[in-house]
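Note: hydrogens, waters and symmetry copies are ignored here, and every other heavy atom, side chains too, is used. Given the structure is predicted, the values throughout are model-derived calculations rather than measurements.
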Amino acid sequence: MDEHMILCPYCRAELKEGAGSCPHCRRSFAGRNPTGALPVGTLLAGRYTVGEMLSIDGEGILYRGMENRGRFRVTIKEYLPITLSAERGTDYQLRPKPGSEVLLKTTRMDFGDLYRSIQRITPATGLEAVLDVVEANNTVYAVLENPGGVPLDQWLDKRRKLVTPEEACAMLQPVFNGVAAMHQVGLVHRGICPENIRVLENGRARLTGYATIGLRTAGSGLHGQLYEGYSAPEQYSAVEFEGRYTDVYSLSAVFYRMVCGQSPVPAAQRMVTDSNPSAHTVNPAVPVYVSDALDLGLRLDPASRIQTVPQLARALASPEAAEEEARTLHAAGRRRAREDLKGKRPTLSLTAILTGILILLAVLTLLTLWNLLGQTQPSAEPAPSSSEADSAPSAVTVHYVPDFVGMSYAQIQNNRQYTGIYLFYVTEAYSDSAPAGTVLTQEPAAGAAITEGDNPTIRLVISKGPEMVEMPNTIGFTQEGAIRELESRGLVPSCFMVVNDGSYASGCVVACSVEPGTMVEAGSTIVVYIAADRDVQITATPDAPPEDAESQAASTAPAPDEEPPAE
């Protein structure tokens, strides 16, 4: 395909860049998107055609789109924060509002870093794949797969009966796995809710709706996007720390909605008066252990909540695991209570101090008068001998090792609470999933008890970031040969068939998403374009079945999600 060609986002026919309409399906592109959004038919990065706007939030705009080389549908998320950006001109360059220059720049970097991190761990079973991250128009675009399916909230509304816990566990298992993969690289989703989970034709669920921390935290400077009933209480304050347990709360709320038929009481309301009923109370068919596990996952205090997604998944699937989580959290709560009590020191008011001084002066005056009258004082109790003092038991201070995995080593070094207690022995290792400087493993494990006087050395393995490899030249290779070559260098090939007009050898590589000689991260996904047999029309990705009859039609047929063109 000519680099100045685009695909009609409605019927996929080839058009010249800048075309205002499609002569094949007779759709006009003008006025399809609102002012400020990219027009339908815009060519992005020489590779993607922008389609109609799907939605807008405080962080940006989501568009339909087409990948021109592989001729498959994508979605495109443009970073365009409405509270920080000025109105766009005809050049569509993103410009900051006066006074928002620094904040716009930093949040734009956060947006790009987020989607690049997700790109490194997708495609994953339970996560919407990030295919590309593009910088253009003074902003950043994330190109996402089009996963299909329907949103979970719509799926639940059409369902006539409640989902059983067993069915919910099976449906959400890919999402549990995907969120756990995000947590392993230090990412927190913060927007898990039925609206952002799609149910595919096979009944399994997939998580979408990525966003930066600013969009999902109140008071961050962006026009926030919180989900009533599903956002955790710590998300309602910009000063509260959010972590893996934040997603545990949201996943528990989604599971609660599936098995109870209603969402939990919103966290902001629960913090005033916690009146959220247990799942077993709402639906007696829910086993008590499942209800107890959901209560542990929906606790308002993050420290008293189930901490990780694998722990939540096990507790929802097993009575023994749910009971073990309850015991562990109860013991941890008692330990925190003891430590809080030990850390408290009584404070004396000025009145109490003056009263004590007056009493002491009165006692001294009486003793002086007694001595003057020749009276002897009562003998004092004998002081304990040195041997007795030595044998008295001394208080032993016990420290419990924090969970350093996923934290930045710089964050640990700058925290006197850690450096004042522990010594750190650090080694490094490559990681294709964790950013450089992130803690990969620790020894002793989190929660281990260290008595004061022991050698409090913590061994940490720190990520050096991904290993970089050189992209080979695979143009002309057969599909099998290209896969072998890329995999031998630690790269992950993802093959797509492209239309072949006879200019290419069938079954051979036409192009790749990365130019030969480019240094890329080991483990990166490389899109490999394979020439199809001559005259074969390619309208869907090769690893996904056609959604309906439209995907088997010629490329000039209207898209299944659009109404037929007017005559």
CE of M66 to CZ of R71: how many Å apart, nearest 0.5 Å? 8.0 Å

Y529 and E67 side chains, donor-acceptor separation under 3.5 Å: yes

Carboxylate-amine/guanidinium proximity below 4.0 Å for R489 and E485: yes

Could you check if a side-chain atom of I197 sits within less than 4.5 angstrom of a side-chain atom of M171, using non-hydrogen atoms only? no

Please check this pair: side chain of E145 against backbone of A129, looking for a donor-acceptor N/O pair closer than 3.5 Å. yes

Is the shortest side-chain heavy-atom distance between V163 and L156 below 4.5 Å? yes

What's the spacing between T212 OG1 and Y115 OH if we round to 0.5 Å? 8.0 Å

For E78 and T139: C-alpha separation, side-chain torsions, deciding distance, then whether side-chain contact (heavy atoms from CB on, under 4.5 Å) applies. CA-CA 8 Å; E78 177 184 34; T139 188; 4.1 Å; yes

Ignoring hydrogens, what is the shortest heavy-atom contact between A136 and L44? Give both atom names and the distance. CB-CD1, 4.0 Å

Between the side chain of N33 and the main-chain N/O of P39, is any donor-acceptor distance below 3.5 Å? no

Do side-chain atoms of R198 reach the backbone of G148 as a donor and acceptor pair under 3.5 angstrom? yes

Give me the atom names and distance for the closest heavy-atom approach of T208 to P147. CG2-CG, 4.3 Å

Pair D157 + R257, salt bridge at N-O below 4.0 Å: yes

Verify the distance criterion only: is there a donor paired with an acceptor across the side chains of N68 and T49 at less than 3.5 Å? yes

Heavy-atom neighbours of M109 CE exceed 12 at 6.0 Å: no

Are E128 and R206 close enough for a salt bridge, meaning some N to O gap below 4.0 Å? no

Do R108 and E135 sit within salt-bridge range, that is, some charged N less than 4.0 Å from a carboxylate O? no

Rounded to the nearest 0.5 Å, what separation is found between the OG atom of S513 and the CZ atom of R69? 8.0 Å

May I ask you to test the V254-L152 pair for a side-chain heavy-atom distance under 4.5 Å? yes

Approximate separation, where rounding is to 0.5 Å, of L94 CG and N138 CG: 6.0 Å

Examine distances only and state if a side-chain atom of T474 and a backbone atom of F477 form a donor-acceptor pair shorter than 3.5 Å. no

Any donor-acceptor N/O pair, Q173 side chain to A170 backbone, under 3.5 Å: no

Looking only at heavy atoms, the pair that brings I192 and S250 closest together is O-CB, 3.4 Å

Identify the heavy atoms of L104 and T107 that sit nearest to each other, and give their distance. O-OG1, 3.1 Å

If you measure from the Lys or Arg side-chain nitrogens to the Asp or Glu carboxylate oxygens, is any gap between E59 and K77 under 4.0 Å? yes

Any donor-acceptor pair under 3.5 Å linking the side chain of N146 with the backbone of G65? no

Have a look at V179 and tell me which of V309, T308, L187 forms a side chain to side chain contact (heavy atoms under 4.5 Å, CB included) with it. V309

Give, for atom OG of S100 and atom CG of L84, the distance between the pair rounded to the nearest 0.5 Å. 5.0 Å

With the side chain counted from C-beta on, respond yes when P9 and R64 share a heavy-atom pair under 4.5 Å apart, and no when they do not. no

Got V527 and L131 here, is their nearest side-chain heavy-atom distance under 4.5 Å? no

Taking all heavy atoms of S21 and all of F29, pick out the closest pair and write down the distance. N-CD1, 3.9 Å

Is it the case that the side chains of Y141 and D132 hold a donor-acceptor pair, with the cut-off being a distance below 3.5 Å and no angle test? no

If only side-chain N and O atoms count, and only distance matters, is there a donor-acceptor pair under 3.5 Å linking E52 with Y63? no

Taking NZ, NE, NH1 and NH2 as the nitrogens, is one of them in K464 or E428 under 4.0 Å from a carboxylate oxygen of the other? no

Residues H183, D247; criterion side-chain contact (heavy atoms from CB on, under 4.5 Å); working and verdict: CA-CA 9 Å; H183 291 173; D247 286 343; 2.8 Å; yes

Mind checking whether F111 and Y79 have parallel, tilted or perpendicular rings, split at 30° and 60°? tilted

Should I118 and L114 be marked as a side-chain contact (heavy atoms from CB on, under 4.5 Å) after you check the CA-CA gap, both sets of side-chain angles, and the distance that decides it? CA-CA 6 Å; I118 298 174; L114 167 69; 3.9 Å; yes

Any chance the side chains of Q307 and Y245 put a donor and an acceptor closer than 3.5 Å? no

I want to check something: taking the side chain as every heavy atom from C-beta on, are V528 and Q479 in contact at a cut-off of under 4.5 Å? no

Which atom pair, heavy atoms only, marks the closest approach of L103 to T106? O-OG1, 3.0 Å

Euclidean distance, I483 CD1 relative to C495 SG, rounded to 0.5 Å: 4.0 Å

Could you check whether R95 pairs with E101 (Lys NZ or Arg NE/NH1/NH2 to Asp/Glu carboxylate O, under 4.0 Å)? no

Can T246 and E234 be said to form a side-chain hydrogen bond (donor to acceptor under 3.5 Å, both in side chains), step by step? CA-CA 8 Å; T246 302; E234 57 269 21; 2.8 Å; yes

For E228, does its backbone N or O pair with a side-chain atom of S231 as donor and acceptor, under 3.5 Å? no

Within a strict 4.5 Å, meaning less than it, do heavy atoms of the V134 and R47 side chains meet? no

Between R88 and L80, does a side-chain contact (heavy atoms from CB on, under 4.5 Å) hold up when you go through it step by step? CA-CA 10 Å; R88 274 176 156 171; L80 186 70; 4.2 Å; yes

Is there a side-chain contact between E487 and L491, using heavy atoms and a 4.5 Å cut-off? no

